[in-house]
Amino acid sequence: MNVLDVTRARERIERLPQRFLPVIATFVVFVLTFGTGSVLYDGFASPQILTNLFVDNAFLIVLAVGMTFVILTGGIDLSVGAVAALSTMIAAATLQAGWPPLLSVLAVLVAGTALGLLMGLVIHFFDVQPFIVTLAGMFLARGLCLLISVESISITDPAFRTVATGTITLAEGVTLTYSVLIALAVVLAAVYVLHLTRFGRTVYAVGGSATSARLMGLPTGRVRVGVYAVSGFCSALGGLLFSLYMLSGYGLHGVGMELDVIAAVVIGGTLLTGGVGYVAGSVLGVLVLGTVQTLISFEGSLSSWWTRIVIGVLLLAFIMFQRLIVRRTE
Amino acid sequence: MTETPTRSADPVVDMRGITVEFPGVLALAGVDLRLYPGQVHALMGENGAGKSTLIKALTGVHPPTSGSIHLNGGPVEFTAPAQAQAAGISTVYQEVNLCPNLSVAENILLGREPRRLGAIDPRAMRVRSAQLLERIGLSVDPGSVLGSHPIAVQQLVAIARALAVDARVLVLDEPTSSLDTDEVGELFRIVRVLRDEGVAILFVSHFLDQVYEIADRMTVLRNGALVGEYLPQETERLELVSAMLGRELGTLEEVERRAEERTPGTAPLLTAEGLGRTGAIAPFDLEIRASEVVGLAGLLGSGRTETARLLFGADRADSGTISVDGRQVRPRGPRSMIAHGVALCSEDRKAEGVVADLSVRDNLVLALQAARGWMRPVPRRTADALVEEYIERLDIRPADPGAIMGHLSGGNQQKVLLARWLITRPRLLILDEPTRGIDVGAKAQIQKVVTELAADGMAVLFISAELEEVVRVCDRVVVLRDRRKVTELDGDTVTVDEVMAAIAEHEPEAVAP
């Protein structure tokens, strides 16, 4: 691109609403990576590859939704990977012990939400950095996993297996799993809560300026605690989807997953300082990560660590991009 | 003058004997304040007078330790801002307390969004916020992001928000400090509309002209205590200023000037021509010669610190030039002015100066080391000699170079900061409130050192809120008011009365109607 093209592109970009810019950029990156795959490899540009992005990353989408709530308030939740692992463990262990599947699901969701709530309360009432509190939560959840069992426990419950392997046919040869439906339901619910409820708008207000929100008489404490409970719930649900995906519970499931989730949210255009971002962006962020992964598996000769390198580069690029936008609006 | 003027209506707000104590500090001592419907009440006082604390007591941010608040005749106790808002007391704070990342409509209605079936109704929100914006005559798109508008518009949006609760009491905490003349006019138009609708308005400002233009009554606080309540039409500006500063006119004894043991150089060391920055200080001219102490006097918010920062290169000027030794310089930040021999000792010693965990010695040598660059460490012996010299010269206590800075008293910390800049041997030293909040002994010590330094040939720009101090130390005094240089006094006219008169002087064209 020469200088003139860049200026023109910039003019075109300036006409778009500024606040959607990061999400649009993520969408462009998604289209570009997917397009690259379609050009390079036969069979990449198929509907099933696209739906597989959702199938393989349903749990990540759910986790990213919870993380979006937290990051929008300006916080961070490092415990999501470990809580998801704990969820697979609780599910597998309770099913092995013969609990009815519904009760076991309920136990997982309650445990995850309670852990998130607890972290939120500590963060709010003791005024401790979210980074430290959720780091402690991460260790706690990992430890609890290994307390239940150091071995992997496979899930043999017939009902669970039916849900896990069941598919919905969208069109000839294009199938989805139930996990995808659950993930999409979570996304829709999150969009509703964030944009059409007072809780959701307060999440944005707290992220924009916590002191202002307090002086405006908004229930900031409730929201700060609430987002960690939401994230805890999403981690538990994401863990359940992951256990459907893997059909096992294991204490070392999802090691480092929290960082993938944070990366997806940031690539999706959510500012780490809070107040700016959309759930749709986070979903796109997950899809970008998924596409990169698919690309590398299509290539075949590259080690899977290349995924990490690409994610690293993307993350850096997006953070610099956001800085540019923020600096311009300042 | 302290008797309550006659009034037809009962007060909306009746605060009596409000006392607020913070650990170790009595921020407010038994202050009364009454607000009447359809009146603008100005709250005045210098820094630390307790204005903000009084507002916070009224709005539930810091509940009073003792005293009573009656709203419409009934006693109330607010422990959170939300309660005061629910009771009809809305506040617009000095630094706009809204969320820049949200839309104008959301900022107006946040927390009371119209809902349908439990969900926020975006359509109703646009309509409702548009109505409120229309009421104050502000034409902005309710859907636009707040942060994309200038501060003045944001301030008006904050007022629209205050109206959304059907406020009967509106508190405006220094709403004009970052507005220009036209914007102030717009704000006042809205304030008058609201006043005529019967809203009681509490208006906090440092700008005398504005207060005289808009206020029906004025309350003056000083050092956390009530000085009195005044009517603008019955009160001379000079009287008001002396109430704020705590000096009775006429009884002021002429402060003994130090003997003139210095002869200012003839050629100016630093010359500023038409130097200014929008929203900070209007363009001004200033000359400072070697061996001269020039004072900057004015009320809080008159642009003293802003002037200092412009001269030091800490803020960029919009207009004008700075010359050193007759040659024009282009300040690209403090480093370039330091290279020209200018030093600034800032007013906020906690945030900008003191490294509390290091020793006195290390704190002293910091600036010298920075000036030499890291490649040339200050030799231990040189450092020790310098440290010893300045500890003695400024009488820093304890006289122990190894003492931890954080353990020193405020006055001694200030002396260390002063010494830190003196070690670098600046040609022009800018002192912003060097004696604020320190005891009398340390104050005298610093004043003495300043005059000695000038006798040795250093030029000093001395900023202080204490007029006596300015008059005692300075050869010339530049008076600022409402972010403009209004006059320059020298020779025999450097007296507390003259400076005060210059601060209070009335100029009708200062604020547009």
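Each chain gets a letter, A, B and so on, in the order its sequence line appears, and its residues count up from 1.
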J.: Which region of A:L218, side chain (C-beta onward) or backbone (N, CA, C, O), has a non-hydrogen atom less than 4.5 Å from a non-hydrogen atom of chain B, or is it both or neither?
T.: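 For A:L218, the contact with chain B is made by the side chain alone.
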J.: With respect to chain A, which residue among B:A86, B:A82, B:G111 yields the maximal number of heavy-atom pairs within a distance under 4.5 Å?
T.: B:G111
J.: To the nearest 0.5 Å, what is the distance between CG (A:L196) and CG (B:D121)?
T.: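 If we round to the nearest 0.5 Å, A:L196:CG and B:D121:CG are 9.0 Å apart.
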J.: Using a 4.5 Å cut-off on heavy atoms from C-beta on, say whether the side chain of A:R214 contacts that of B:V61.
T.: yes
J.: Checking B:Q85 against chain A: side chain, backbone, both or neither under 4.5 Å from a heavy atom?
T.: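 Answer is side chain: those atoms of B:Q85 sit under 4.5 Å from chain A.
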J.: Output the distance between atom CG (B:N107) and atom CZ (A:R201), rounded to the nearest 0.5 Å.
T.: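 Rounded to the nearest 0.5 Å, the CG-CZ separation comes to 10.0 Å.
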J.: Tell me whether B:N97 contacts the main-chain N or O of A:L215 through its side chain, where contact means a donor paired with an acceptor under 3.5 Å.
T.: no
J.: With a 6.0 Å cut-off (strictly less than), is the heavy-atom count around OH of B:Y93, excluding the residue itself, greater than 12?
T.: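 Buried by this count: over 12 neighbours within 6.0 Å.
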J.: First locate atom CZ of A:R198, then atom CZ of B:R115, and finally report the distance between them rounded to the nearest 0.5 Å.
T.: 3.5 Å
J.: Please report the closest heavy-atom contact between B:A119 and A:Y192, naming both atoms and the distance.
T.: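 The answer is CB-OH, 3.2 Å.
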J.: Which distance, rounded to the nearest 0.5 Å, do you find between the CD1 of B:I108 and the CE of A:M216?
T.: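 It comes to 11.0 Å.
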J.: Tell me, do A:V206 and B:C99 make a side-chain contact under 4.5 Å, heavy atoms counted?
T.: no
J.: Does CZ belonging to A:F131 count more than 12 external heavy atoms closer than 6.0 Å?
T.: no
J.: Are the side chain of B:N101 and the backbone of A:G207 linked by a donor-acceptor contact shorter than 3.5 Å?
T.: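 No, because the side chain of B:N101 does not come within donor-acceptor range (under 3.5 Å) of the backbone of A:G207.
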J.: Given a strict heavy-atom distance threshold of 4.5 Å, which part of B:L102 is in contact with chain A: side chain, backbone, both, or neither?
T.: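 The side chain, not the backbone.
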J.: Heavy-atom count check: over 12 atoms from other residues, nucleotides or ligands less than 6.0 Å from A:Q129 CD?
T.: no
J.: Would you find a donor on one side and an acceptor on the other, under 3.5 Å apart, between the side chain of B:E106 and the backbone of A:A205?
T.: no
J.: So for atom CZ, which belongs to A:F27, do other residues, nucleotides or ligands contribute more than 12 heavy atoms lying within a distance under 6.0 Å?
T.: no
